Amino acid sequence: MSRGGFPGGFGGMNMNQLMKQAKKMQEDMEKSQANLASQIFESTAGGGAVYVKVNGAKEVQEIKIKKEIVDPEDVEMLQDIILTCVNDALKKVDTATSQEFGKYNIPGL
């Protein structure tokens, strides 16, 4: 006879065990999030003419542009290269986030 709730508990676990596991998972996820936020992701574009550094919280930390790529007659090219570089760095953050949080196997994450 069970003590209320679902017969047999949750896969043989009682509610107390389930709550402990949920709390541990939350703590682990918070550590993972803090770890990701502290990581640095870098990208270059335009043959190394543009360099971007972002952290795991998707905050741009640094942008470097080589002088020789700056052409007042072709600002659009420089904008495109910067955009490509920033987006690539952010994709690296997304990939690392997916890998880190994929291990928790929670639907919707």
Side-chain angles (χ1 to χ4, degrees):
M1 180 173 187
S2 67
R3 293 183 246 168
F6 296 100
F10 294 95
M13 274 191 253
N14 67 33
M15 188 58 106
N16 194 28
Q17 286 174 316
L18 189 63
M19 294 302 288
K20 283 181 182 179
Q21 280 190 338
K23 184 175 181 181
K24 174 152 180 20
M25 184 182 290
Q26 181 180 5
E27 290 170 356
D28 290 347
M29 288 176 72
E30 288 171 0
K31 287 178 187 175
S32 292
Q33 191 171 20
N35 180 42
L36 275 168
S38 68
Q39 289 183 36
I40 298 297
F41 299 85
E42 302 170 318
S43 180
T44 60
V50 175
Y51 164 85
V52 172
K53 179 168 70 172
V54 300
N55 66 19
K58 294 186 175 181
E59 299 169 333
V60 176
Q61 301 293 302
E62 184 177 0
I63 295 177
K64 292 182 181 178
I65 302 170
K66 290 187 175 179
K67 290 179 187 178
E68 53 272 14
I69 190 106
V70 180
D71 180 357
E73 301 298 319
D74 196 3
V75 174
E76 292 82 14
M77 179 191 68
L78 180 56
Q79 292 169 339
D80 289 344
I81 293 172
I82 293 169
L83 191 61
T84 298
C85 196
V86 169
N87 284 333
D88 181 60
L90 294 176
K91 283 179 188 173
K92 290 177 181 181
V93 175
D94 288 341
T95 298
T97 301
S98 293
Q99 289 174 347
E100 183 66 29
F101 285 97
K103 68 185 178 187
Y104 295 109
N105 197 20
I106 298 173
L109 284 182

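All residue numbers refer to positions in the sequence shown, counting from 1. Here the structure is a predicted model, which means the values were calculated and not measured.
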*Between Q17 (side chain) and N14 (backbone), is there a donor-acceptor pair under 3.5 Å?*
yes

*To the nearest 0.5 Å, how far apart are CG in D94 and NZ in K91?*
9.5 Å

*If you round to the nearest 0.5 Å, how far is CG of N87 from CD1 of I82?*
12.0 Å

_Residue pair L36 / V93, side-chain heavy-atom distance below 4.5 Å_ = no

*M19 atom CE: more than 12 heavy-atom contacts under 6.0 Å*: no

*Would you kindly confirm whether I63 and I81 end up in one hydrophobic cluster when ILVMFWY residues are joined by side chain heavy atoms under 4.5 Å apart?*
yes

_Separation of Q99 CD from T97 OG1 (nearest 0.5 Å)_ = 9.5 Å

*In terms of hydrophobic clustering (I, L, V, M, F, W, Y; side-chain heavy atoms under 4.5 Å; direct or indirect links), are V70 and Y51 co-clustered?*
no

_Q33 atom CD, over 12 foreign heavy atoms within 6.0 Å_ = no

*First locate atom CZ of F41, then atom CD of Q61, and finally report the distance between them rounded to the nearest 0.5 Å.*
11.5 Å

*asked:* Given 3.5 Å as the limit, does a donor-acceptor pair link the side chain of K92 with the main chain of E42, or not?
replied: yes

_Using every non-hydrogen atom in the two residues, find where E100 and S32 come nearest and quote the distance to one decimal._
OE2-OG, 2.7 Å

*Can you list the residues that meet the salt bridge (Lys or Arg N to Asp or Glu O under 4.0 Å) rule with K24, with sequence neighbours excluded?*
D28

*Looking at CD of E76 and CG of L83, how far apart are the two atoms once the value is rounded to the nearest 0.5 Å?*
13.0 Å

_How close do V50 and C85 get, counting heavy atoms only, and between which atoms?_
O-SG, 3.6 Å

_Could you see if V52 belongs to whatever hydrophobic cluster contains M77? Use Ile, Leu, Val, Met, Phe, Trp, Tyr and a side-chain cutoff under 4.5 Å._
yes

_Side chains of D71 and L78 in contact at under 4.5 Å (non-hydrogen atoms)_ = no

